[in-house]
2 protein chains.
Amino acid sequence: MSSKELQVLEDYIQQNNLKITRQRRAVLNAFLECEKHVSAEELYRIVTQKDPKIGLATVYRTLSLLTHSQLASELDFGDGQKRYEHRYMHSHHDHMICTECGKIIEFNHPLIEKFQEEVASRNGFTITSHKLDIFGLCSECR
Amino acid sequence: MSSKELQVLEDYIQQNNLKITRQRRAVLNAFLECEKHVSAEELYRIVTQKDPKIGLATVYRTLSLLTHSQLASELDFGDGQKRYEHRYMHSHHDHMICTECGKIIEFNHPLIEKFQEEVASRNGFTITSHKLDIFGLCSECR
DNA sequence: GAAGTTTTTGATAATGTTTGCCGACACCAT
DNA sequence: ATGGTGTCGGCAAACATTATCAAAAACTTC
């Protein structure tokens, strides 16, 4: 199941002299089956339903692995905990967050990206990453 | 000295049945004299140089007051602590943060703002706030 | 301006997320 | 089996921020 992502993780693991373990596979599978934008705590609850012996620290450590192997992106909407979303075969996008129900809409606007580059180069600034978060009310909560 | 901002704070305080105190005035003055984008800890160090008896909790509480009275904006660049910048008589802007030296460049691009509105209304989304952070290297650190 | 009411203060404890630590454990090659 | 390396789980520690609470200050009313 979803062997492409597992292959990516195994490649990264082998390139860094790490080891493939039952726990890492479990966290990866739970992450892949999961809805997007999970927090570490949420993922921990999901994983321990299938395998109660997995520790919270292992979830954090594996999420770090997933981030470094480009399978996951780390998000921070400023509510005190980080979230993670699928990154493999997903293109860059920004987020609209409904502050009422928590729904997250992903979007991408090529011209916004382009003008960011423009503003940066006008200031002699080299972009390594950027994030645009829009907060408000979704159509159902308005 | 900068009586306009003090007046704004006093108005807010009176409208909410709060009280004007020596400590609140001290934190406000330190904030106003300070360079932009201060953290609570930094502001605490500045305030206690003039008035060593002021507690850290009071700085946090007063920063919350300043934020609610629209004198300050709360910023979160994802480095684990919040920062505060002047808001009174300052227009909205976004930030470019140099990950090497910490320098922050403020900018505003009307078209970026406009396209955000466009994307939001296309999704039936009502914007209450938004933030665009660009991370990278400034011209001196490149 | 004194008494009474309400809010604020400072010190410290508590919170909540994330990371560090450590002895036990799994895996692989010899 | 044995040794070596990396990982695990449980818990302690780190960190910024918030809650708690008795004492102090600020405002109100007379």
Side-chain angles (χ1 to χ4, degrees), chain A residues 9-31 37-69 72-84, chain B residues 6 9-31 37-69 72-84 102:
Chain A
L9 180 59
E10 293 190 353
D11 287 351
Y12 177 84
I13 281 180
Q14 285 179 349
Q15 282 168 19
N16 291 77
N17 287 327
L18 305 175
K19 294 180 178 174
I20 298 162
T21 65
R22 170 178 58 84
Q23 289 91 337
R24 286 176 177 166
R25 257 192 288 257
V27 174
L28 172 63
N29 280 330
F31 173 69
H37 315 110
V38 225
S39 68
E41 190 72 33
E42 286 167 353
L43 193 56
Y44 172 66
R45 279 199 292 269
I46 295 170
V47 171
T48 48
Q49 281 178 2
K50 290 191 176 179
D51 193 337
K53 297 200 204 73
I54 291 184
L56 178 58
T58 299
V59 174
Y60 274 101
R61 285 185 287 236
T62 308
L63 278 172
S64 174
L65 277 183
L66 298 184
T67 302
H68 284 108
S69 60
S73 289
E74 204 176 70
L75 307 176
D76 182 358
F77 296 137
D79 63 340
Q81 58 184 3
K82 290 173 185 159
R83 288 162 207 286
Y84 298 85
Chain B
L6 181 58
L9 181 60
E10 293 192 352
D11 286 352
Y12 178 84
I13 281 180
Q14 284 179 350
Q15 281 168 21
N16 291 76
N17 288 326
L18 306 176
K19 294 176 179 177
I20 298 165
T21 64
R22 170 178 58 84
Q23 289 90 335
R24 286 176 176 165
R25 259 191 287 256
V27 174
L28 172 62
N29 280 330
F31 173 68
H37 314 109
V38 223
S39 69
E41 190 73 33
E42 287 167 353
L43 193 56
Y44 172 65
R45 277 200 293 268
I46 295 171
V47 171
T48 47
Q49 281 178 4
K50 289 192 177 179
D51 193 337
K53 296 199 204 75
I54 291 183
L56 177 58
T58 299
V59 174
Y60 274 101
R61 286 185 288 236
T62 307
L63 278 172
S64 173
L65 276 183
L66 298 184
T67 303
H68 285 108
S69 61
S73 289
E74 203 177 72
L75 308 176
D76 183 358
F77 296 138
D79 64 340
Q81 57 184 3
K82 290 172 185 160
R83 288 161 207 285
Y84 298 85

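The sequence lines fix the lettering, A, B, ..., with proteins before strands; numbering per chain opens at 1.
Y60(B) has a side-chain polar atom (N or O) that falls below the 4.0 Å cut-off from OP1 or OP2 of dT17(D).
The salt bridge (charged side-chain N to carboxylate O under 4.0 Å, His left out) pairs that include a residue from residues 37-48 of chain B number zero, where partners must be two or more places apart or lie in different chains.
Across the protein-nucleic acid pair, Y84(B) atom OH and dA16(D) atom P stand 13 Å apart, rounded to whole Å. Separating the CD1 atom of I20(A) from the C1' atom of dC28(C) is a distance of 13 Å, rounded to the nearest angstrom. Going from atom CD of Q15(B) over to atom P of dC27(D) covers 16 Å, rounded to whole Å. Distance, D79(A) CG to dA16(D) P: 19 Å, rounded to whole Å. At whole-Å resolution of the value, CG in L43(A) and P in dT17(C) are 15 Å apart. A straight line from CD of E41(B) to P of dT17(D) spans 9 Å, rounded to a whole angstrom. Residue Q81(B) contributes atom CD, which lies 13 Å from atom P of dT18(D) at whole-angstrom precision. The distance between atom CD of Q14(A) and atom C1' of dC27(C), rounded to the nearest whole Å, is 14 Å.
Using a 4.5 Å heavy-atom cutoff, the side chains of N29(B) and K50(B) are not in contact. In this structure, H37(A) and Y84(A) have side chains that are not in contact, with every pair of non-hydrogen atoms separated by 4.5 Å or more.
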Enumerate, atom names and distances included, each donor-acceptor pair closer than 3.5 Å involving a side-chain atom of residues 56-68 of chain A, sequence neighbours excluded.
residue	atom	partner	partner atom	Å
T58(A)	OG1	R61(A)	NH2	3.3
T62(A)	OG1	T58(A)	O	2.7
S64(A)	OG	H68(A)	ND1	3.4
T67(A)	OG1	L63(A)	O	2.8
H68(A)	ND1	S64(A)	O	2.8

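Looking only at distances, a side-chain donor or acceptor of R24(A) sits under 3.5 Å from a matching main-chain atom of K19(A). With hydrogens and angles disregarded, no donor-acceptor distance shorter than 3.5 Å links the side chain of R25(B) to the backbone of L6(B).
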Please produce a list of atom pairs where a protein N or O lies less than 3.5 Å from an N or O of nucleotides 28-30 of chain D.
none

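One finds the CD1 atom of I13(B) at 8.0 Å from the OG atom of S69(B) (value rounded to the nearest 0.5 Å).
Listed by chain and residue number, H95(A) satisfy the ring-ring contact (aromatic ring centres under 6.0 Å, His included) test with F77(A) (two or more places apart in sequence, or in another chain). For D79(A), the side-chain hydrogen bond (donor to acceptor under 3.5 Å, both in side chains) partners two or more places apart in sequence, or in a different chain, are R83(A).
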*Quick one: what's the B/S/- string for nucleotides 4-10 of chain D, heavy-atom cutoff under 4.0 Å, read 5' to 3'?*
-BSSBBB

